[in-house]
Amino acid sequence: MEKSEGTSDSQRPWQSYHTVYTNAKAGMDGVDKEKVQRIVYEMSKGSKYFENEERKEAIMKQKVEHMHSRCAKLTPADISHYQKVADKRIAELEATRDLSRIWLHVDMDAFYAAVETLSDPSLKGKPMAVGSMSMISTANYEARKFGVRAAMPGFIARKLCPDLLFVPPDFKKYTYYCDLTRKVFRSYDPNFMAASLDEAYLDITEVCRARDVTGGDIAEELRSRVHEETGLTCSAGVGPNRLLAKVCSDINKPNGQFVLPNDRMAVMTFISSLPIRKIGGIGKVTENVLKGVFGISTCEELLQKSGFLSALFSHSTTDFFLSVGLGLGGTDTPQVRFRKSISNERTFSATDDLNLLYQKLDEIAENLSADMQEEGLSGRTLTLKLKTSSFEVRTRALTLQKYICSKDDILKSALKLLKAELPVSLRLIGLRMSHFKEEEKVAVPFDPTQKTLAAFVRAGDASRNNLDDESSLGSVDELHLMNEMENDFRLDHHKICHHESGDPLDSNHLSDLNCGSCNSQKNVVEQEKIHDPSSDEIAGEEKTIDAQPKGKQMLQLLETDSSVPWELKSCNLIRVNGNTDIHAQTNDVASSSLTEDLVWVDDYKCSLCGIELPSNFIEERQEHSDFHLAERLQKKESGTCPPVSTRQRIVRKEENTANQSRQKKRKSASTKDKYLPIDTFFVKSNQNF
DNA sequence: GCGGATCAC
DNA sequence: TATGGTGATCCGC
């Protein structure tokens, strides 16, 4: 705004520190952005992190200047040529426009924070954040009024809002509620795409047609049902493609919706004044480049400057920008995709101590190997990732002749890579494996429930270790778990993973956990049929239409019918013949005493957490009371169970499966310490706010 | 094939 | 005191 930037910078230096925390997001309306920016600046100033941010900022400016000068060198002939190229491409893209589908994007409001408030109603109305002093995952709307937001370190958030309450994350709760929402989603679109724990895309074309209702009607009904079944609110966007639906769901958040009609004029009007930053795939850097080089801030301007864009950017990037300008986005039912890499990384307090570094590398290698073996993968390219104590990130890769997956093989190569970097002071080490063995790629798709289970198991060991090691910022496995769930890897489970028994304690699952080969031959064949080779090489066009050329993880998610944490389901097993009175079957002393005070007030409201579930939602009620049972078992036995190895845990589970209530209780105890609250973690779930 | 960067969640 | 982890993709070599 101010032209006298030099002056204003020296008087108000925080104005030149461009954090992401002051971006306009839902719930940030009344925020004093100047104050937030000043405090963030003051808390960050002088830190290694801050210095690195400044370095990155300088690089970005350089990039803008470089492109600007390239732009200035274009001759009138050049410009004329590239404009023709762009116009032709625009016409081609326009011809692909498909207004026949109705997409709905659902986004839970402040999901983790809302769930925590549900389980502890005393939090209601108070500023609260899920996370730790190091990092915040989600903040509720009361906290957002102070400028507190996801991805902000807790110590800065506390400065902004001294009364801010911190709640440690509890993924088990989130996945439980996530599953309740997904049951609702599934009833509208059995093939819906889960984008994360709290976000999903639904193709509601058929529902609208069959019931002769509008997309807006469905959105209202779906949101209402989600609220009935979970007590949580969500926001929805309806539009002719996923890109637009996603933008729409952000407009009336929280607890609102916005419908964009399947009409070309409506789309063009909507998109014209839309800031480019609202588009998925356009982040801080791209926004700055487009603004700085071409003066582009709205989607409409992407078309107006199309000639310059096609002159300076690659085909695929240009296609993306032009598609956005036209309001095009993915309308297809997504194809199956396969994992291309698998990784494990961990942040710790910076050190240059070789023994410590080797120890960290050893842990990472072990985790990575375990993950790979769970999925039956082996790869031949290993990438070492390092973050120095000054936050500089480096990667070093090595491609081998043979495929590897054992810890020893991984560690051997990793050590070679690391040694070449010494001496160095590090705060993060990571390992990534890619270039998977071809025949194993097919086996990659898996039932995420199993992965989840396995990750839960390891998470327990890791958290125990972290508690023992105060210097560790750890909890990588919790993060890992979370990301596994978020990334979802959905295949169309209706077509593929059909050996799913639905029984979480099914011994098949346990053996899968160990050997990682969950796919039957039949599955393999079907996957090959579904796999679209175009996803590997081109399809600039397809990508374009999906309007997400880079960074987009339109990974499909593997949705299953059994994403309830298996611990909860195991409680369900206690039930006999549909009897919903858990006490009748739970002879286990601990179990009965733990849920005896759960009653349905006025026959619809849970006396423990206030969630509202009508009496005809019998199964949901049972799951809900099971949830409280598991929660209490966890609390009650917290810290009483000695740490056990992953393998021991698995064995113990098998015993439990075969035995009766006494051992069930034991199992609960053994599973519970997987969820010890961990101080450090990070999961950005509500960054759209 | 490598390394840096960007993006999303 | 203190600023995350996983996965994908693109660009320029």
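Chain letters run A, B, ... following the sequence lines, proteins first, then strands; residues in each count from 1. Note that this is a predicted model, so its numbers are computed, not measured.
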What's the closest nucleotide to the side chain of [X] if the choices are [options]?
| X | options | result |
| --- | --- | --- |
| A/Ser196 | C/dG5, B/dC9, B/dC7 | B/dC9 |
| A/Ser316 | B/dC7, C/dC10, B/dA8 | C/dC10 |
| A/Thr286 | B/dT6, C/dG7, B/dA5 | B/dT6 |
| A/Arg339 | B/dG4, B/dA8, C/dA8 | C/dA8 |
| A/Leu428 | C/dG5, C/dA2, C/dT3 | C/dG5 |
| A/Glu345 | B/dA5, C/dT3, C/dT6 | C/dT6 |
| A/Ser314 | C/dC10, B/dC9, B/dA8 | C/dC10 |
| A/Thr399 | C/dT3, C/dG4, B/dG1 | B/dG1 |
| A/Lys284 | B/dC7, B/dG4, C/dT3 | B/dC7 |

For the residue pair A/Ser44 and A/Ser47, confirm or rule out a side-chain donor-acceptor distance under 3.5 Å.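 No.
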Please confirm whether the shortest side-chain N or O distance from [X] to OP1 or OP2 of [N] is below 4.0 Å.
| X | N | answer |
| --- | --- | --- |
| A/Ser343 | C/dG7 | yes |
| A/Lys63 | B/dA5 | no |
| A/Lys246 | B/dC9 | yes |
| A/His435 | B/dG1 | yes |
| A/Ser341 | C/dA8 | yes |
| A/Arg394 | B/dC2 | no |
| A/Ser134 | C/dG4 | no |
| A/Arg427 | C/dT3 | yes |
| A/Thr317 | C/dC11 | yes |

A/Glu366: which residues meet the side-chain contact (heavy atoms from CB on, under 4.5 Å) condition with it, sequence neighbours left out?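 A/Glu366 satisfies side-chain contact (heavy atoms from CB on, under 4.5 Å) with A/Asp362, A/Lys407 once adjacent residues are dropped.
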With sequence neighbours excluded, what pairs up with A/Thr388 under the side-chain hydrogen bond (donor to acceptor under 3.5 Å, both in side chains) test?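 With sequence neighbours excluded, A/Thr388 shows a side-chain hydrogen bond (donor to acceptor under 3.5 Å, both in side chains) to A/Ser390, given in chain and number order.
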How do A/Lys387 and A/Leu312 order along DNA chain C: which one's closest nucleotide is nearer the 5' end?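 Final value for this comparison: A/Lys387.
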Under 4.0 Å, counting only non-hydrogen atoms across every strand here, what does [X] touch: a base, just sugar-phosphate, or nothing?
| X | value |
| --- | --- |
| A/Leu398 | sugar-phosphate |
| A/Arg432 | base |
| A/Ile282 | sugar-phosphate |
| A/Ser44 | base |
| A/Arg380 | sugar-phosphate |
| A/Lys159 | nothing |

Taking the side chain as C-beta and beyond, is there a heavy-atom pair between A/Leu243 and A/Leu328 under 4.5 Å?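 Counting from C-beta outward, A/Leu243 and A/Leu328 never come under 4.5 Å.
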Is the ring centre of A/Phe50 less than 6.0 Å from the ring centre of A/Tyr17?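 A/Phe50 vs A/Tyr17: aromatic centres under 6.0 Å.
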Could you report the tightest heavy-atom contact between A/Val324 and A/Leu302, atom names first, then the distance?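 Of all heavy-atom pairs spanning A/Val324 and A/Leu302, the closest is CG1-CD1, 3.7 Å.
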Protein-nucleotide distance ([X], atom [atom1]; [N], atom [atom2]), rounded to Å:
| X | N | atom1 | atom2 | value |
| --- | --- | --- | --- | --- |
| A/Phe321 | C/dC11 | CZ | P | 10 Å |
| A/Tyr49 | C/dT1 | OH | C1' | 17 Å |
| A/Leu197 | B/dA8 | CG | C1' | 14 Å |

Lys NZ or Arg CZ of A/Arg144 over A/Tyr141 ring: under 6.0 Å, within 45°: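 So A/Arg144 does make the cation-pi contact.
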